[in-house]
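Contents: one structure, followed by commentary.
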Amino acid sequence: MLQIVLSDSECGTLKMATHWGSSSWDVGVIGVIFGEGEKEPTQEEKNQAIAQFKAQREKENRRARPVGGNPGDVLCPSVGLDIGPISGPDVEKARFDLLTAWLGGDFPLPDCDPDDYAQRDMLWEQRQRDRERLLEGGKHGEAVRIWYSNAPYSLCGFYDVLWQLRDCDCPVTALEMPRWMPLEDNTVQSCLNWGELSPGDWAAYLPLEREIPKNVRRAIAMEWSQLREENSPLRAVVNGRLRSVGEDFYDPFIRAQIPDGIFRVAHLIGDVLGRYQLGIGDWWIAKRIQAMETQGELITVSKGDGFYRNEMRRAQ
């Protein structure tokens, strides 16, 4: 069985989840991270944080179960299809350039070589191999299991996989991330996407697996064909449906969180993502803040070591 996920973090976690068990967790080295400008925690506070972390991991370890399957059958054929073009004669180049931008091309990290594209090339080649493997398996009737959520990137990826398999006569099942998931230790789990799960928790969701009937697969593939034809700069979940939207769709959420006075870009991005749980990444929010500056809506007060550390304010 091929197991499909729609982000790199989900791919790595599910690969571990295939064989994860109650004895898989190795505590190893634990670090304490605090923000720039924040007061360093006392040793007592550090010890308390480490103790809480260990207790949480031990709790997860007790309920851990393996998903099963082969890590080599975990595929991630696409990422970030909610952003950018998804069709057209130059779509491959456009997606490649977008990956470059995501990995620091637009907002390079301090002390990173802007000409080092090793990670980008590795990820791009892996996506190509995974797509080829998916199509090859689908043509030969290999079973496909898709793990998806209602996050825009994931729902787009889910639609795209069914579109890719539109001519394949293979069994397809799916697990949609629920809003709330009761666990066997009387706790409840709530995540936006599969990448937020610990490896040992994935198996608890297997009872949610459902077959996708062929008529439903055709309907979803047709919807994705329409979205491909529209080829908008952005796709978002609107009233539970995947829709083509303008590039300024998330701007009202950003404006609502812009504070009075001076603010740091990274803090605004964190406030937007934390407050609204939009299921998108920081890169798009940063691009829209940058656009607001270009349009004269925001003004840079002081430049930091990278765009995220710039300080800004409203123009008026």
Side-chain angles (χ1 to χ4, degrees), residues 7-9 31-41 45-46 49 79-85 93-124 151-153 192-193 195-196 232-236 245-316:
S7 78
D8 292 311
S9 62
V32 177
I33 301 174
F34 54 97
E36 180 185 5
E38 294 181 358
K39 181 181 178 182
E40 182 175 353
E45 291 171 331
K46 292 179 182 178
V79 294
L81 292 179
D82 58 320
I83 296 175
K93 181 181 184 305
R95 300 301 306 177
F96 184 77
D97 291 344
L98 193 55
L99 180 61
T100 304
W102 284 338
L103 295 176
D106 281 354
F107 307 110
L109 296 172
D111 303 322
C112 286
D113 183 357
D115 297 319
D116 184 1
Y117 298 119
Q119 183 186 17
R120 179 203 63 186
D121 295 343
M122 178 192 70
L123 291 174
W124 181 259
Y153 78 87
L192 286 176
N193 58 67
E196 296 180 8
S232 66
L234 199 65
R235 283 150 293 281
V245 297
E247 61 183 4
D248 60 351
F249 179 79
Y250 295 110
D251 287 9
F253 298 99
I254 299 174
R255 292 190 181 100
Q257 292 301 120
I258 297 175
D260 295 330
I262 297 174
F263 62 89
R264 179 167 288 187
V265 171
H267 292 168
L268 175 58
I269 294 173
D271 289 343
V272 172
L273 297 180
R275 172 69 177 82
Y276 298 110
Q277 303 288 293
L278 299 169
I280 61 174
D282 59 286
W283 180 84
W284 186 258
I285 301 298
K287 290 293 288 183
R288 295 310 303 162
I289 293 172
Q290 202 173 52
M292 290 177 182
E293 180 186 25
T294 301
Q295 295 161 6
E297 187 173 342
L298 296 174
I299 296 174
T300 295
V301 175
S302 65
K303 288 183 176 289
D305 191 6
F307 180 74
Y308 282 45
R309 295 185 178 182
N310 287 359
E311 292 187 332
M312 309 181 85
R313 65 170 175 82
R314 294 181 187 270
Q316 297 179 350

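Side chains are part of it too, since the values below use all heavy atoms of this structure and drop only hydrogens, waters and symmetry mates.
- Here Phe249 contributes atom CZ and Asp82 contributes atom CG; the two are 11.5 Å apart, rounded to the nearest 0.5 Å.
- Residues Gly296 and Ala315 share a closest heavy-atom pair of O-CB, 3.0 Å.
- In this structure, Phe263 has no ring pair (Phe, Tyr, Trp, His ring centres under 6.0 Å) partners at least two apart in sequence or on a different chain.
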* Asked: Step by step, would you call Lys46 with Glu40 a salt bridge (Lys or Arg N to Asp or Glu O under 4.0 Å)?
  -> CA-CA 9 Å; Lys46 292 179 182 178; Glu40 182 175 353; 2.8 Å; yes
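- A donor-acceptor contact shorter than 3.5 Å is absent between the side chain of Asn310 and the backbone of Lys303.
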Distance-only donor-acceptor pairs under 3.5 Å for side chains of residues 271-282, two or more places apart:
{"residue": "Tyr276", "atom": "OH", "partner": "Gln257", "partner atom": "OE1", "Å": "3.2"}
{"residue": "Gln277", "atom": "NE2", "partner": "Leu273", "partner atom": "O", "Å": "3.3"}
{"residue": "Gln277", "atom": "NE2", "partner": "Gly274", "partner atom": "O", "Å": "3.0"}
{"residue": "Asp282", "atom": "OD2", "partner": "Tyr308", "partner atom": "OH", "Å": "2.5"}

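- How far CG of Leu103 is from CE of Met122: 9.0 Å, rounded to the nearest 0.5 Å.
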* Verdict with supporting geometry, Thr300 and Glu293, side chain to side chain donor-acceptor pair (under 3.5 Å) -> CA-CA 8 Å; Thr300 295; Glu293 180 186 25; 2.4 Å; yes
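- For the atom pair CD1 (Ile83) and CD (Glu247), the distance works out to 11.5 Å, reported to the nearest 0.5 Å.
- One distance of note links CD1 of Ile285 with CD of Gln290; it measures 13.0 Å at 0.5 Å rounding.
- In this structure a side-chain-to-backbone donor-acceptor pair under 3.5 Å is present from Arg235 to Gly84.
- Between Tyr153 and Leu81 the shortest side-chain heavy-atom distance does not fall below 4.5 Å.
- At distances below 3.5 Å, not a single donor-acceptor pair connects side-chain atoms of Arg120 with backbone N or O atoms of Gly104.
- In this structure, CH2 in Trp102 is found 10.0 Å from CH2 in Trp284, a value given to the nearest 0.5 Å.
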* Asked: Do Val245 and Tyr250 pass the side-chain contact (heavy atoms from CB on, under 4.5 Å) test, and can you show the C-alpha distance, the side-chain angles, and the key distance before you say yes or no?
  -> CA-CA 10 Å; Val245 297; Tyr250 295 110; 5.8 Å; no
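- Checking Arg313, Arg255, Arg314, Arg288 one by one against Glu297, the salt bridge (charged side-chain N to carboxylate O under 4.0 Å, His left out) holds for a single residue, Arg255.
- Between Ser9 and Gly195, the closest heavy-atom pair is OG-CA, 4.1 Å.
- Here Asp248 contributes atom CG and Met292 contributes atom CE; the two are 8.5 Å apart, rounded to the nearest 0.5 Å.
- The heavy-atom pair separating Ala286 from Ile269 by the smallest distance is CB-CD1, 3.8 Å.
- The closest side-chain heavy-atom distance from Trp283 to Leu98 is below 4.5 Å.
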* Pair Val265-Met312, side-chain contact (heavy atoms from CB on, under 4.5 Å): steps then yes or no -> CA-CA 7 Å; Val265 171; Met312 309 181 85; 3.4 Å; yes
